[in-house]
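Data block below; observations after.
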Amino acid sequence: MLHVNNISFSYSKKKQTLKQINFTLAEGEHISVMGESGCGKSTLLKVIYGLLDVDEGSIFWKDQEVLGPAYHLVPGMDFFKYVPQHFDLMPYTTVAENISKFLSRFYPEESEIRTNELLDVIEMKAYANEKVKNLSGGQQQRVAIAKALAKEPELLLLDEPFSQIDNFKKNRLRRNLFSYLKKNKIACIVATHDGNDALSFSDQLIVIQHNEIIAKGSPSELYKKRNNKYVAALFDDINEVVVNNEMKLLYPHQIQFVKDSAFKVKVLQNYFKGFYWLVEVAYGNQHLFVANTSDLKIASETFIDFKV
């Protein structure tokens, strides 16, 4: 449904912000776009929505070309919805009024049912009559998402959609939101730095570095490949170590402590992670991170082995 064909974009002539970006998105499919700050994730969403004019390439939604402000007096495609990091809400009206803003006033009962449905999705029914200005940043972020969904867009563009939401609410909101999108066959592109967003809820994953795509595929494919340190580090701590005369990229759970081996290490620090400990060790002149069921004595010496 969405075809992004070798687009390039720059804010100034000195530096390109996006370079030859190329991918497709099917109906109801979810893509996560990952990369470090400044790589062009947010700009990509703005270009796809039609807020910016591309320098090269083209974007099509089905048979309709997506064009920017040079072609539209009011930029942005009607059948897309874009939720930026700075929310476009009406602070002096209620949560329910914000969500129902674009719903028909000729059918108040249907509008109320739809509003209540979305209040359930973002788990804010208790705040329906609260003015937006009195909400926390995380609550406003949830309202902005519900508002964007009110008229059921064909494509939802989310820029760091859970950045201000605490973990207590974030995990359940993610499950509610992405289940709702799948159920209603709403396609979605999420710009995120959070590996949990990408691994658990995406059909495709795109990684951008230096303003161009360096990897794309399913989350499981990119997680398991580990052939690029930048990509692997988006998901977890990554160790770069020589094993059998070959440089390997290994996650902490791929290294284990053993009674004896050729790899002797010294314990530097322990970090409690809940159901496991992340143990930092010195191996020669390298620092490695090992996932372990318990902490180890600082400055003690032990041995490791590699699961490759």
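Everything quoted here is computed from the prediction, not taken from an experiment.
The ring-ring contact (aromatic ring centres under 6.0 Å, His included) test with Trp277 singles out one residue from Tyr271, Phe272, Phe257, and that residue is Phe272. The salt bridge (charged side-chain N to carboxylate O under 4.0 Å, His left out) test with Glu154 singles out one residue from Lys185, Lys62, Lys81, and that residue is Lys62.
Lys182 places none of its side-chain heavy atoms less than 4.5 Å from the side chain of Phe201. Between Leu44 and Phe23, some side-chain heavy-atom pair lies under the 4.5 Å cut-off. Inter-residue side-chain proximity for Val241 and Leu250 is flagged as met; some heavy-atom pair is nearer than 4.5 Å. Between Met34 and Ile206, the closest side-chain pair of non-hydrogen atoms is not below 4.5 Å. Contact check for Val231 versus Ile214: side-chain heavy atoms found under the 4.5 Å cut-off. Between Val281 and Leu268, the closest side-chain pair of non-hydrogen atoms is not below 4.5 Å. Annotation: side chain of Ile213 is in contact with side chain of Ile21 (closest heavy-atom distance under 4.5 Å). Between Lys46 and Ile48 the shortest side-chain heavy-atom distance does not fall below 4.5 Å.
Residues Asp203 and Ser218 bring no donor and acceptor atom of their side chains to less than 3.5 Å of each other. Defined by atom type and a distance below 3.5 Å, a donor-acceptor pair is present between the side-chain atoms of Asp159 and Ser42. Gln204 and Glu29 share a donor-acceptor pair across their side chains, judged by distance under 3.5 Å alone. Looking at Asp55 and Ser8, their side chains never bring a donor and an acceptor atom within 3.5 Å of each other. Under the 3.5 Å distance criterion, with hydrogens and angles disregarded, a donor-acceptor pair is assigned to the side chains of Glu56 and Gln20.
Ring geometry for His30 versus Phe178: interplanar angle of 30 to 60°, hence tilted.
Counting heavy atoms of neighbouring residues, nucleotides and ligands inside a 6.0 Å radius, atom CG of Asn184 exceeds 12 of them. The neighbour count for Lys15 NZ, taken as heavy atoms of other residues, nucleotides or ligands under 6.0 Å away, does not exceed 12. Sparse packing is recorded around CG of Asp78, with 12 or fewer heavy atoms of other residues, nucleotides or ligands lying under 6.0 Å away. At most 12 heavy atoms of other shown residues, nucleotides or ligands fall within 6.0 angstrom of atom OH in Tyr71. Lys131 NZ: 12 or fewer foreign heavy atoms inside a 6.0 Å radius. Enclosure of atom CD in Glu123 by more than 12 non-hydrogen atoms of other residues, nucleotides or ligands within 6.0 angstrom is indicated.
Interatomic distance, CG of Leu177 versus NZ of Lys170, reported as 13.5 Å (0.5 Å rounding). Taking CD of Gln85 as the start and CD of Gln141 as the end, the distance is 8.5 Å to the nearest 0.5 Å. Once rounded to the nearest 0.5 Å, the distance linking OG of Ser32 with NZ of Lys41 reads 11.0 Å. One finds the CG atom of Leu155 at 9.0 Å from the CD1 atom of Ile31 (value rounded to the nearest 0.5 Å). The OG atom of Ser261 lies 7.5 Å from the CZ atom of Phe306; values are rounded to the nearest 0.5 Å. To the nearest 0.5 Å, atoms CD (Gln209) and OH (Tyr230) are separated by 5.0 Å.
By the 4.0 Å N-to-carboxylate-O rule, Lys248 lies close enough to Glu246 to be salt-bridged with it. A salt bridge is defined here as a Lys NZ or Arg NE, NH1 or NH2 lying under 4.0 Å from an Asp or Glu carboxylate O, and Asp194 with Arg174 meets this definition.
The backbone N or O of Leu103 sits nowhere less than 3.5 Å from a side-chain atom of Ser100 that would complete a donor-acceptor pair. Looking only at distances, no side-chain donor or acceptor of Glu280 sits under 3.5 Å from a matching main-chain atom of Asn270. Of the possible donor and acceptor atoms, one in the side chain of Lys147 sits under 3.5 Å from a partner among the backbone N and O of Asp88. Put simply, the side chain of Asn98 never gets that close to the backbone of Leu89: no donor and acceptor are under 3.5 Å apart. Between the side chain of Tyr82 and the backbone N or O of Met77, no donor-acceptor pair lies under 3.5 Å. Of the possible polar contacts, none joining the Arg226 side chain to the Ala232 backbone as a donor-acceptor pair under 3.5 Å is found. Counting only distance, with no hydrogens or angles, the side chain of Glu65 and the backbone of Ile59 share no donor-acceptor pair below 3.5 Å. Side chain of Lys259 to main chain of Thr302: no donor-acceptor pair is present (N/O by atom type, distance under 3.5 Å, no hydrogens or angles). A donor-acceptor contact shorter than 3.5 Å is absent between the side chain of Lys229 and the backbone of Ile238. Checked by atom type and distance alone, the side chain of Asn292 pairs as donor or acceptor with a backbone atom of Ser294 at under 3.5 Å.
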CA sep, side-chain torsions, deciding dist, call: Glu112, Asn116, side chain to side chain contact (heavy atoms under 4.5 Å, CB included)
CA-CA 6 Å; Glu112 184 178 358; Asn116 285 328; 3.7 Å; yes
Starting from the C-alpha separation in whole Å, work towards a yes-or-no answer on side chain to side chain contact (heavy atoms under 4.5 Å, CB included) for Glu152 and Arg114.
CA-CA 10 Å; Glu152 284 205 358; Arg114 179 78 179 130; 3.0 Å; yes
Are Leu288 and Ile304 close enough, and set up right, to give a side chain to side chain contact (heavy atoms under 4.5 Å, CB included), and what steps lead you there?
CA-CA 10 Å; Leu288 303 179; Ile304 59 172; 3.9 Å; yes
After noting the C-alpha distance and the side-chain angles of Thr43 and Phe9, does the key distance pass the side chain to side chain contact (heavy atoms under 4.5 Å, CB included) rule?
CA-CA 9 Å; Thr43 299; Phe9 172 82; 3.6 Å; yes
Can you check side-chain hydrogen bond (donor to acceptor under 3.5 Å, both in side chains) on Tyr127 and Thr94, steps first, answer last?
CA-CA 8 Å; Tyr127 296 88; Thr94 67; over 6 Å; no
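Taking hydrophobic clusters as Ile, Leu, Val, Met, Phe, Trp and Tyr residues chained together by side-chain heavy-atom distances below 4.5 Å, Val190 does not share a cluster with Tyr49. Hydrophobic cluster membership differs between Leu205 and Leu156, with clusters built from Ile, Leu, Val, Met, Phe, Trp and Tyr side chains linked at under 4.5 angstrom. Under the 4.5 Å side-chain heavy-atom criterion for ILVMFWY residues, no single connected hydrophobic cluster contains both Ile7 and Leu67. Leu25 is connected to Met1 through a chain of hydrophobic side-chain contacts under 4.5 Å among Ile, Leu, Val, Met, Phe, Trp and Tyr, so both are in one cluster. A continuous path of Ile, Leu, Val, Met, Phe, Trp and Tyr side chains, each step under 4.5 Å between heavy atoms, connects Val33 with Leu51, placing both in one hydrophobic cluster.
Of all the heavy atoms in Leu119 and Ala128, the pair that sits closest is CD1-CB, 3.7 Å. What you find for Ala150 and Ile99 is that their closest heavy atoms are CB-O, 3.3 Å. Nearest heavy atom pair, residue Ile255 against residue Val290, reads O-CG1, 3.2 Å. Considering every non-hydrogen atom in both Ile122 and Arg142, the closest pair reads O-NH2, 2.9 Å. Of all the heavy atoms in Gln140 and Leu135, the pair that sits closest is NE2-O, 3.3 Å. Contact between Leu45 and Ala191 at its shortest, heavy atoms only, is CD1-CB, 3.8 Å.
Aromatic pair Tyr251/Phe289: centroids not less than 6.0 angstrom apart.
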